[in-house]
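FYI, side chains are in, hydrogens and waters are out, and symmetry mates aren't considered; it's all heavy atoms of this structure. Residue numbers begin at 1 in each chain, while the letters A, B, ... track the order of the sequences.
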Amino acid sequence: MRHIISILMENEAGALSRVAGLFSARGYNIESLTVAPTEDPSLSRMTLVTRGTDEIIEQITKQLNKLIDVVKLMDMTDGPHIEREMMLTKVRAEAHGREELKRVSDIFRGRIIDVTDKTYTIELTGTGDKLDAFLLALDRALIIEVVRSGVSGIARGERALKL
Amino acid sequence: MELTGAEIFVHSLRDEGVDIIFGYPGGAVLHIYDALYNQDKIQHILTRHEQGATHAADGYARSTGKPGVVLVTSGPGATNAVTGIATAYMDSVPLVVFTGQVPTHLIGNDAFQEADNIGITRPCVKHNFLVKDVRDLAETIKKAFYVATTGRPGPVVVDIPKDITAQKTEYHYPDKVSMRSYNPVHVGHAGQIKRAIKLMLKAKRPMLYTGGGVILGNAAGSLTELARLLGFPVTNTLMGLGAYPATDRQFVGMLGMHGTYEANMAMHHCDVLIAIGARFDDRVTGNIEKFCPNARIVHVDIDPSSISKNVKVDVPIVGCVDNVLKAMVKLIKGSKQRPDETTLKDWWQQIEDWRSKDCLKYDRDSDLIKPQYVLDTLYKVTNGDAFVTSDVGQHQMWAAQFYKFDKPRRWINSGGLGTMGFGLPAAMGVQLAHRDETVVCVTGEGSIQMCIQELSTCNQYALPLKIVNLNNRYLGMVRQWQEFFYQGRYAMSYMESLPDFVKLAESYGHVGMQIDKPGDVESALKEAMALKDRLVFMDFITDQAENVYPMIPAGGGQNEMILV
Ligand SMILES: Cc1ncc(C[n+]2csc(CCOP(=O)(O)OP(=O)(O)O)c2C)c(N)n1
């Protein structure tokens with residue numbers, strides 16, 4: 001099963017490498033990982049997407065909790081939550097192809113944020129699945145570059161990951 | 001008054017109650033060594049290799065329960081210490097290791113003797129710190145001791161750049177630190193403890209399986225009380241030996257790959273398994289698919305990540321082992337219920353049948369010295385009351401099988417990492433902590449050569465260790481596996497060109513003995529023990545072909561032991 005694990009950790013040099021090191025040392029997989037400071041500058045928030053059986057996910061959360069820099073964590077997938085990822089896609093956009101690209105982008109509620117006479121850069125936000133679907137809808141040959149931010153997540157309603 | 005970082009280092013250790021450290025100097029830590037020179041509260045033991053320093057601190061820690069402290073220089077000093085740090089990590093031993101670092105402005109510059117100590121040690125420490133500001137030094141040291149010694153203990157590295165040790169600031173050592181991200185649990189969940197007791201009291205074939213956590217958590221007394229109260233059989237892991245008196249009838253011996261037949265059979269057939277401070281290591285469980293097929297499992301451990309890691313358990317209890325065991329004893333004493341005597345009697349009958357196989361028997365009439373006989377005799381000659389360290393290999397297993405430890409913290413060995421070279425320096429740490437006790441290092445001619453240089457340290461500090469070298473001219477454990485699983489192709493397991501250990505010991509200023517006849521074993525051991533203030537190196541020329549039995553072969557279950 002795919003899990004989104006959110007982690008509050010001390011905003012210290014090396015904290016990220018402890019998490020990354022844990023995953024490689026124990027052979028857990030990381031699908032994506034994002035990290036940035038929070039409104040409290042002493043804390044960073046990391047969002048990690050991983051896959052595993054229930055037993056593995058249990059071990060992952062226990063091992064993460066054991067890291068001294070980890071203050072608190074939450075498995076978003078344990079309850080209702082919202083998942084978002086941002087993607088920037090640069091595509092070759094020439095002649096009549098430009099119209100078609102604009103249409104596909106609109107269907108996915110993308111925004112064209114940079115235009116040259118040969119390219120479009122499209123910004124798109126959504127779940128990982130939606131971003132995958134968008135890429136599938138594009139003609140592969142037109143894609144010049146894709147940048148994905150990695151997943152961030154937040155619990156719905158009152159449930160929150162905070163100190 | 002303002003102090004330099006080096007002075008703060010020394011003051012902090014003193015205020016932490018440290019009176020002995022193990023180390024080796026070098027450029028990056030010279031300010032610190034200078035500060036150590038100017039005081040006499042902290043004794044510094046100069047080993048001959050940084051690995052020796054970490055193992056010595058480790059032996060000190062395991063035998064006392066106090067944290068071991070190490071000081072090494074940057075670069076090669078720190079990398080040499082890594083094996084010792086990893087050894088302590090695998091066995092959850094509290095160490096605080098201070099590593100020198102190049103000055104802050106040179107970090108990342110490939111400076112002379114620079115190594116990324118934080119990066120290199122990260123996977124084998126409980127935590128590590130880089131001190132970037134002299135004003136953080138004292139508090140960081142306090143945190144290091146706090147993290148190393150609380151919860152599930154472990155080594156902590158503090159990396160100190162050289163310029164920090166020269167800078168000055170006001171000194172204040174905090175009495176206490178708290179860290180919002182680190183809150184070890186103490187008491188176990190009351191409901192879970194009750195559930196466990198219910199299960200235990202109803203058990204028909206109960207088994208107490210206890211590990212190093214009982215020793216680390218100073219819970220041997222409570223374990224003994226609980227076991228006696230219930231009348232259940234007890235087995236210890238390699239790391240747990242001494243947690244329950246080995247001479248007690250309820251003790252069925254060590255379990256696992258080279259454990260006793262009765263311990264492993266009882267594990268396999270039990271219906272309620274109470275695991276305490278143990279971690280279901282693969283050397284213990286054998287084939288996990290076949291492990292304890294009929295048992296409901298209670299697991300008490302301070303580390304939640306140990307629970308249900310390898311084996312799914314029914315009643316997890318996270319907490320200090322001693323607290324949980326005390327709570328259990330109290331609840332059982334307070335209730336009228338006791339385990340059913342007749343069912344328990346039947347279970348014991350079965351265990352006695354297994355015990356009667358005498359799985360540790362060996363040829364007592366051989367013309368060659370049997371290693372088991374040396375350990376049997378060592379046990380007798382020392383009245384079972386020595387501190388025994390070991391290296392890694394066959395001799396380690398024989399020591400674990402034949403020396404019956406009645407007290408905790410007397411059996412000191414590298415169980416988790418299995419580090420050859422551990423025995424001698426660890427014994428130094430033990431002896432320094434217990435000046436008047438007998439400290440024996442059981443080793444092999446392979447292992448002893450991995451840290452043999454420490455014989456020099458033993459001379460400098462007059463450490464009267466008794467070294468029992470079971471010299472089979474083979475990397476015996478490797479040879480045994482090659483005999484069993486590689487049709488006797490002894491690739492690189494024969495130890496050629498061995499030194500003359502007697503002369504070697506003598507050249508380091510010690511007493512050397514070589515013993516090659518079974519008839520001389522006892523008298524040699526007695527003679528050595530009588531030399532109270534000398535290190536005696538006993539080189540026992542043993543039967544080369546002897547193997548460690550019984551054995552659970554790879555892929556086997558605990559009920560599939562090969563007996564002699
Ligand atoms: C540092 C290290 N290197 C290699 C090994 C693998 N190993 C395990 S036991 C063993 C043989 C040990 O030989 P010896 O010390 O002579 O003891 P014996 O088994 O003969 O009693 C070896 C090489 C190890 N445990 N540690």
Just checking A/R159: does its CZ atom have more than 12 heavy atoms from other residues, nucleotides or ligands closer to it than 6.0 angstrom?
yes

Is it the case that more than 12 heavy atoms not belonging to A/R2 sit under 6.0 Å from its CZ atom?
yes

Heavy atoms only: give me the nearest B/K132-A/A13 pair and the separation to one decimal.
NZ-CB, 4.1 Å

Residue B/R122 versus chain A: region with a heavy atom under 4.5 Å
side chain

Should we count CZ of A/R84 as having more than 12 external heavy atoms under 6.0 Å?
yes

Under the 3.5 angstrom rule, does the side chain of A/K66 hit a backbone N or O of B/K126 as a donor-acceptor pair?
no

From the list B/D303, B/I118, B/V147, the residue making the most non-hydrogen contacts under 4.5 Å with chain A is B/D303

Chain A heavy atoms under 4.5 Å from B/N128: which part of the residue, side chain, backbone, both or neither?
both

Salt bridge (Lys or Arg N to Asp or Glu O under 4.0 Å) for A/E55 and B/K309? Distances and angles first, verdict last.
CA-CA 8 Å; A/E55 288 76 32; B/K309 182 173 73 176; over 6 Å; no

Can you give me the closest heavy-atom contact between A/K62 and B/P304, atom names plus distance?
NZ-O, 2.9 Å

Among A/D69, A/L22, A/L8, which residue forms the greatest number of heavy-atom pairs with chain B at distances under 4.5 Å?
A/D69

Counting only heavy atoms closer than 4.5 Å, note whether B/L130 contacts chain A via side chain, backbone, both or neither.
neither

Quick check against the 3.5 Å criterion: does B/S181 have a side-chain atom that pairs as donor or acceptor with the backbone of A/I68?
yes

What part of A/L163 is in contact with chain B, defined as an atom under 4.5 angstrom from a non-hydrogen atom: side chain, backbone, both or neither?
side chain

Flag the pair A/E10 / B/M179 as yes when at least one side-chain heavy-atom distance between them is below 4.5 Å, and no otherwise.
no

Closest-packed option against chain B by number of heavy-atom pairs under 4.5 Å, given A/A25, A/S17, A/G14, A/S24:
A/S17

Which pair of heavy atoms, one from A/E58 and one from B/I307, lies closest together, and at what distance?
OE2-O, 4.3 Å

